[in-house]
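I have placed the structure first, in the form of structure tokens, so that the comments after it can refer back to it.
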Amino acid sequence: MSTTSTETGIDVALRKGFYKLTAYDMAAKCRKMLDARPTCEFAAVEPGKTYCYKPSYGNRFELLTIGEVTPKRTQAVASVDGREPRRIYKGSYTGTFAKLDADLVALAGITHETVVKAAVDAGLDVPPVVRREHPQLFIEIPERFASGNWSAVERVKQALKPAPFQREPVSVADMDGFIEHAHHLLEHVRCERTRRGALNPDMGQDYERMAEGHVNDIDFYRWLRRLVGVGGIFHIPAPAAAKIPA
């Protein structure tokens, strides 16, 4: 499909297959597209063009759409990050300006979740490794799994995220380990409740709450285990799992 001026950011993202990429890989792809664009300094910016400005130090980027440029090319009127146009000065913009093409202009502000949702609405096949980053788009998550400051959705996201330095995606074996650990903690809490409760009956309710938390963990991981296992919506077959970047 050819690029047209009427394409939205979602159109561009779907055309480029971003819904098949994780959020990290989508960001890396966009950065690669940006790095391939020609760059210039303040004096060479053109009216009517959109640029990504990178200062000479730091990692702060700005999206600028240039309007009027003064004859001496020391000042310009520009919309910065989508805000109302204002005057900008050469002395404040000593870094580089990457001239954006239509695809990058359209993609500005598009989030990974928005792209994945558009793919779901369009009936496109989203890989399970991407589904794991936005589980709420693919399954109904019971509210009883909310825990502490985490919503039920965020808890599922965190549970499906590999631990630091874990190369493989979270698997059924991991879920079994989580369930076994929760059983161990539950048994320990019940023993402590009996032992310490005899000394201080007022602590009984505290141990009851801890026990309920571990029971909830067991319920949660048993529910999630089916979705990660073979046939589950978040199941990653072994050959595909080996291709997931570290």
Side-chain angles (χ1 to χ4, degrees), residues 8-30 107 109-164 166-186 189 208-245:
T8 67
I10 293 298
D11 294 331
V12 174
L14 294 182
R15 168 164 58 81
K16 289 184 172 292
F18 284 174
Y19 64 93
K20 299 178 183 178
L21 306 177
T22 63
Y24 176 87
D25 289 340
M26 173 178 157
K29 182 76 171 180
C30 289
L107 288 169
I110 294 296
T111 66
H112 185 251
E113 182 176 358
T114 302
V115 173
V116 176
K117 184 178 186 306
V120 172
D121 293 342
L124 301 176
D125 185 23
V126 179
V129 67
V130 179
R131 295 176 204 160
R132 290 182 176 211
E133 295 192 347
H134 308 288
Q136 73 280 10
L137 299 178
F138 302 92
I139 58 172
E140 183 176 347
I141 302 174
E143 282 302 319
R144 71 177 186 274
F145 293 142
S147 177
N149 294 327
W150 280 356
S151 67
V153 172
E154 189 59 33
R155 189 178 181 192
V156 173
K157 288 182 181 180
Q158 293 299 322
L160 292 172
K161 185 182 298 184
Q166 180 178 337
R167 297 180 62 88
E168 297 79 18
V170 173
S171 65
V172 167
D174 291 317
M175 293 294 163
D176 287 340
F178 299 154
I179 294 169
E180 182 179 357
H181 183 62
H183 273 292
H184 172 75
L185 294 177
L186 177 61
V189 165
E208 283 292 343
R209 282 193 293 270
M210 285 189 282
E212 288 175 5
H214 297 318
V215 170
N216 179 277
D217 286 343
I218 294 168
D219 179 30
F220 173 68
Y221 288 118
R222 282 177 173 171
W223 170 82
L224 192 55
R225 186 186 188 279
R226 297 192 298 272
L227 301 174
V228 172
V230 177
I233 196 165
F234 301 127
H235 174 65
I236 300 178
K243 298 178 183 178
I244 297 175

Side-chain contact test, heavy atoms from C-beta onward, threshold under 4.5 Å: evaluate it for Phe220 versus Val156 and give yes or no.
->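 They are in contact (side-chain heavy atoms under 4.5 Å apart), so the answer is yes.
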Sorted by chain and residue number, the ring-ring contact (aromatic ring centres under 6.0 Å, His included) partners of Phe234 (sequence neighbours excluded) come out as none
Residues at least two apart in sequence or cross-chain that pass ring-ring contact (aromatic ring centres under 6.0 Å, His included) with Trp223, listed by chain then number, are Phe145
If the condition is salt bridge (Lys or Arg N to Asp or Glu O under 4.0 Å), which residues does [X] pass it with, not counting sequence neighbours?
X      : answer
Arg222 : none
Lys157 : none
Lys117 : Asp121

[X]: partners by side chain to side chain contact (heavy atoms under 4.5 Å, CB included), with sequence neighbours left out:
X      : value
Arg144 : Pro142, Asp219
Pro162 : Gln166
His214 : Leu185, Leu186, Val189, Asp217
Thr114 : Ile10, Thr111

* To do: For residues Ala159 and Leu224, report the shortest heavy-atom separation together with the two atoms involved.
  =>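 So the minimum-distance heavy-atom pair works out to CB-CD2, 3.6 Å.
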Correct closest heavy-atom pair for Leu14 and Val115 would be CD2-O, 4.0 Å
| Contact list for residues 171-186, test salt bridge (Lys or Arg N to Asp or Glu O under 4.0 Å), sequence neighbours left out |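 Every salt bridge (Lys or Arg N to Asp or Glu O under 4.0 Å) pair that includes a residue of residues 171-186, provided the two are not neighbours, is Asp176-Arg225.
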How would you list, by chain and number, every residue that makes a side-chain hydrogen bond (donor to acceptor under 3.5 Å, both in side chains) with Thr8, sequence neighbours excluded?
->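 For Thr8, the residues satisfying side-chain hydrogen bond (donor to acceptor under 3.5 Å, both in side chains) (neighbours in sequence not counted) are Asp11.
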Donor-acceptor pairs under 3.5 angstrom involving side-chain atoms of residues 133-141: please list them, not counting sequence neighbours.
{"from": "Glu133", "atom 1": "OE1", "to": "Ala23", "atom 2": "N", "distance (Å)": "3.0"}
{"from": "His134", "atom 1": "NE2", "to": "His112", "atom 2": "ND1", "distance (Å)": "2.8"}
{"from": "Gln136", "atom 1": "NE2", "to": "Glu113", "atom 2": "OE2", "distance (Å)": "2.9"}

His181, NE2: over 12 other non-hydrogen atoms inside 6.0 angstrom:
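Incorrect, the count does not exceed 12.
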